[in-house]
Amino acid sequence: MNFMEAPSARKHGVVIVGAGQAGASCAANLRQAGFPGPISLIGEEVAAPYQRPPLSKAWLLGKCTDESIQWKPTSFYAQQDIDLFLGARVERLDRKARCVVLTDGREFPYDHLVIATGARARRMAWVAHAATRLHELRTSLDATRFKASLRPGSTVLIIGAGYIGLEAAASARALGAEVTVIEREPRVLARVACRALSDYFEGHHRRHGVSFLFNRSVCSIDMESNGVHRVKIDGGEQLHADTVLVGVGAVPNQELADTAGLECQDGILVDERACTSDKDIYAIGDCTRRPISLYGQRWRLESVPNALEQAKQAAAAICGGPLPAEEVPWFWSDQYDTKLQIAGLPIQVARLVVRGDAAEGRFAVFHLNDRQQVQAVEAVNAAPEFLMGRRLIAARCTVNVERLCNSKISMKEVAV
Amino acid sequence: MPTITYVSSDGTKSTVDATVGDSVMSTAVKTNVSGIDADCGGACACATCHVYVDAAWLGRLGEISELEKGMLDFANNTRANSRLSCQIAITDALEGLVVTIPASQR
């Protein structure tokens with residue numbers, strides 16, 4: 001590694017705001033790269049860094065514990081000389097003084113700042129979330145509260161049929177609750193998946209006893225004296241539920257950057273090194289909008305792989321090392337016994353090609369552009385299609401559509 | 001407490017204490033062994049925790065699942081002794097296990 005200045009010249013080291021998987025990984029990556037200076041990792045939550053994806057899946061089902069979703073053992077931070085500050089909220093960023101200031105007045109001067117503030121659950125502006133004790137699912141505290149509300153036979157209304165909503169629906173059903181999902185769009189996963197995939201997942205959830213209301217929005221939510229929620233939806237219908245979970249997307253936590261004058265546009269704008277419009281400030285993870293050269297545009301990716309990739313980029317940039325190779329964006333979801341894996345982004349798509357049979361619960365949908373190159377693949381219980389699809393996307397390979405459709409032909413033999 | 005040795009692609013060895021019940025992947029992540037990316041955190045969804053298992057140990061690992069087999073068939077640079085380290089649960093019988101990390105997980 002090539003440290004541009006002696007540690008004595010840059011004595012404040014790196015301050016990382018946000019101790020989710022992005023921020024915590026960046027701290028670890030800096031040490032792996034041999035960064036010699038101080039590293040401060042500041043997190044708003046009281047819990048030490050942990051993995052969020054299991055919260056809506058294995059953790060809810062009791063298949064893993066708070067301890068097993070811990071990202072590192074407690075001893076790790078001292079061993080790696082990473083100063084961890086938990087339950088600490090950053091109030092503002094003073095770029096002139098090169099310092100972040102906490103709400104309790106503590107100041108953290110920095111040589112390099114990494115903003116990893118993540119995203120928060122989107123709220124419905126017209127509904128009193130706190131007063132009606134609505135649930136959301138972002139943090140371990142959220143998950144603990146949601147789980148405590150679930151019991152066999154209790155009624156759960158989930159607003160939003162995205163990943164969080166559907167994963168929570170699957171887990172709640174497994175725990176014996178009666179689940180209804182209400183969605184503004186005409187299908188599940190409307191924002192992130194093609195129709196074939198939506199149809200499959202809707203059917204799968206219905207087979208597991210979930211009810212759906214599509215093309216409906218929530219007008220108001222009240223809580224009756226017995227604690228039951230009364231939910232009015234457009235068209236005049238009224239529903240009752242013991243528990244209401246809102247999963248209608250996420251909003252990037254960009255206020256710290258925005259207020260300090262860093263360029264933001266539904267996410268903190270960063271380059272391929274995770275650097276913001278200030279050369280000493282990086283931003284990584286869910287709070288950013290980043291370039292993806294494969295697709296020639298900037299994108300806001302809410303995923304762990306993206307957080308880990310950008311953490312590596314920032315660590316490499318700070319240490320003066322080579323940037324890691326750009327990755328193909330990917331996502332996964334577990335619902336019941338079904339594993340969904342998506343690689344790439346479904347943009348500039350000219351045609352969809354289905355391989356396998358949805359009725360057998362194992363298939364993949366390939367999104368091709370007009371040059372027969374794979375832009376994205378959605379794979380249901382189909383690891384080979386996902387992994388090979390990811391490689392085809394990265395290599396910009398042209399595929400033979402007839403071979404691709406024929407699941408008897410190996411995925412290794414579909415490129416032209 | 002079994003010990004596990006991770007050999008990086010440049011030959012560097014890290015020997016760490018592991019906890020029974022953890023996986024070979026999570027042990028590497030917890031001890032900051034580099035080269036095991038583990039993007040999905042152990043859901044057998046990403047094949048970025050690929051390792052080569054020393055021949056002496058291959059027979060002592062559990063059955064390989066269809067899902068893992070499917071992933072390994074299409075992961076990069078796989079060999080006959082490839083495994084996904086998130087699918088190897090640590091037991092006392094694995095004391096001294098040696099795994100080699102490929103140069104790249106991608």
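Lettering of chains follows the sequences in order, A, B, ..., and the numbering in each one begins at 1. In this text, all values refer to a predicted model and were calculated from it rather than measured experimentally.
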Specify which of [options] makes the most heavy-atom pairs with chain B at under 4.5 Å.
options	answer
A:M411, A:K57, A:E309, A:E327	A:E327
A:A307, A:A394, A:P384	A:P384
A:R390, A:Q51, A:Q32	A:Q32
A:K412, A:R31, A:R391	A:R391

**OP:** Give the C-alpha distance, both sets of side-chain angles, the deciding distance and a yes or no for side chain to side chain donor-acceptor pair (under 3.5 Å) between B:T78 and B:H50.
**Re:** CA-CA 8 Å; B:T78 48; B:H50 171 205; 5.8 Å; no
Original post:
Quick one: do the A:N306 and A:Q310 side chains pair a donor with an acceptor below 3.5 Å?
Top reply: yes
Original post:
Between A:E272 and A:S293, is any side-chain donor less than 3.5 angstrom from a side-chain acceptor?
Top reply: no
**OP:** Sort out for me which of B:G70, B:A38, B:S104, B:C46 touches chain A most, counting heavy-atom pairs under 4.5 Å.
**Re:** B:C46
**OP:** Please determine, among B:S34, B:C40, B:A47, the option with the most heavy-atom pairs under 4.5 Å with chain A.
**Re:** B:C40
Subject >> A:K312 NZ to A:L323 CG distance, which is reported to the nearest 0.5 Å >> reply: 12.0 Å
Subject >> Euclidean distance, A:L61 CG relative to A:S171 OG, rounded to 0.5 Å >> reply: 4.0 Å
Subject >> Per-residue contact mode, A:S303 against chain B (heavy atom under 4.5 angstrom) >> reply: neither
Original post:
So which part of B:D22 gets closer than 4.5 Å to some heavy atom of chain A, the side chain, the backbone, both or neither?
Top reply: neither
Original post:
Using the benzene-type ring in the case of Trp, are the ring centres of A:F331 and A:Y163 under 6.0 Å apart?
Top reply: no
